[in-house]
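Letters A, B, ... are given to chains in the order of the sequence lines, protein chains preceding strands, and every chain is numbered from 1. Nothing here was measured: the structure is a model prediction, and the numbers come from that model.
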There are 2 protein chains.
Amino acid sequence: MNCPIQLTSHIIGDKWILLILRELFLGNTKFDEFERNLAISKSVLTTKLKLLVEFKLIIKTDYKEEKKRTRSKYQLSKIGSELLFIMGAVMEWGNTNLVNKEETYLKIIDKSDTPVKLVFANQDNDILALDDLSFELS
Amino acid sequence: MNCPIQLTSHIIGDKWILLILRELFLGNTKFDEFERNLAISKSVLTTKLKLLVEFKLIIKTDYKEEKKRTRSKYQLSKIGSELLFIMGAVMEWGNTNLVNKEETYLKIIDKSDTPVKLVFANQDNDILALDDLSFELS
DNA sequence: CTGTATCCTCTTGGATACTG
DNA sequence: CAGTATCCAAGAGGATACAG
């Protein structure tokens, strides 16, 4: 099958992967940060991080600060960063339909601290209505 | 946790759910269409469809054509249709990074049959660059 | 056609202990 | 700190048979 959804589902069709990606987009980079923030077991975290490296969504780097031991950090690759559209869409849907707006929640903002939204556009950057869209196999 | 990604991951963090949603967006509605197109076992398909109904993403309707037995169909609800942004983002990423463009593949088009893209915009509908965006918890 | 029920296997994931 | 190794329990998913 040459279906983009089928192929991509092998990566993001996984709760842990989505949550690790959230951490990466939030700027976290270290094994123990993921472990603490996600309450995930070491073994699963190891497995998922390896998967993300295999898929080339993240890059693992060893680094060493003066007088300290060597440590590892994980960062989004180029194509990993492009998952921002998926994460943004997931956040928007979750915020609209599942999140309790009385409490704090996560959103995407621009440089003037204003919340942004996702829209469909054509090549001329005209914004399109949902009713005008359809799936096509070609 | 009041995190939109965490909450939504319980729904779309699942390969089968993503593929069933693809079928629904393609306009398929019947149990055996899903079964054939996805090569999924009956028991799993039953379970996932129930889940989608529980989450109110789809609506199950029984209908009866003249001289025929009663049948069931499944259709996206209002909030289910809003998953189009997630599906669109998944398709775009998959098409860019995983799909073989020599073969046929799936995309979203507008009324003039032109492929569309997803963009981030502010409230004034100005399109934003990725570098201008950041996650915020508030 | 649209399921349900049963069985059986393989995988996922948590807990714990250990290592450089 | 960043894992690896081992073990165990629970769940996911396929196959098959059956039912309205």
Sub-6.0 Å ring centroid separation between A/Phe120 and B/Phe85: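 Yes; B/Phe85 has its ring centre under 6.0 Å from that of A/Phe120.
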
is_close_aromatic(A/Tyr74, A/Phe31), centroid dist under 6.0 Å: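 Aromatic pair excluded; centres sit 6.0 Å or further apart.
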
I need the [atom1]-[atom2] distance between [X] and [N], as an integer number of Å.
X       : N      : atom1 : atom2 : result
A/Arg36 : D/dG3  : CZ    : P     : 15 Å
B/Leu38 : D/dG14 : CG    : C1'   : 15 Å
A/Asp14 : D/dG13 : CG    : C1'   : 16 Å
A/Phe31 : C/dG20 : CZ    : P     : 17 Å
B/Asn28 : C/dT2  : CG    : P     : 12 Å
B/His10 : C/dG13 : NE2   : C1'   : 14 Å
A/Ile17 : C/dT12 : CD1   : P     : 11 Å
A/Lys30 : D/dC1  : NZ    : P     : 9 Å

Heavy-atom check, side chain of B/Leu19 versus side chain of A/Gln6, under 4.5 Å: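 Yes, at least one pair of side-chain atoms sits under 4.5 Å.
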
Nearest heavy atoms of B/Glu92 and B/Val116, plus distance in Å: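 The pair with the smallest heavy-atom distance is OE2-O, 4.1 Å.
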
In one Ile/Leu/Val/Met/Phe/Trp/Tyr side-chain cluster, 4.5 Å: B/Ile79, B/Ile20: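 Looking at the clustering, B/Ile20 is in the same group as B/Ile79.
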
Cation-pi, B/Phe34 ring and B/Lys30 (6.0 angstrom, 45 degrees):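 No, B/Lys30 and B/Phe34 do not form such a contact.
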
A/Lys73 charged N/C atom sitting above A/Tyr63 aromatic ring, 6.0 Å / 45°: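 Yes, A/Lys73 sits over the ring of A/Tyr63.
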
Residue mapping more 5' on DNA chain D - nearest nucleotide basis, A/Lys15 or A/Lys73: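 The residue closer to the strand's 5' end, by nearest nucleotide, is A/Lys73.
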
Short side-chain N/O contact from B/Arg71 to OP1 or OP2 of C/dT2, under 4.0 Å: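 For B/Arg71, the contact criterion (side-chain N or O under 4.0 Å from OP1 or OP2 of C/dT2) is met.
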
Residue-phosphate contact under 4.0 Å: B/Tyr74 side-chain N/O, C/dC1 OP1/OP2: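 No, no such contact exists.
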
Interface residues of residues 40-64 of chain B with DNA chain C (non-hydrogen, below 4.0 angstrom):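 Result for residues 40-64 of chain B: B/Lys42, B/Thr46, B/Lys50, B/Lys60, sorted by number.
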
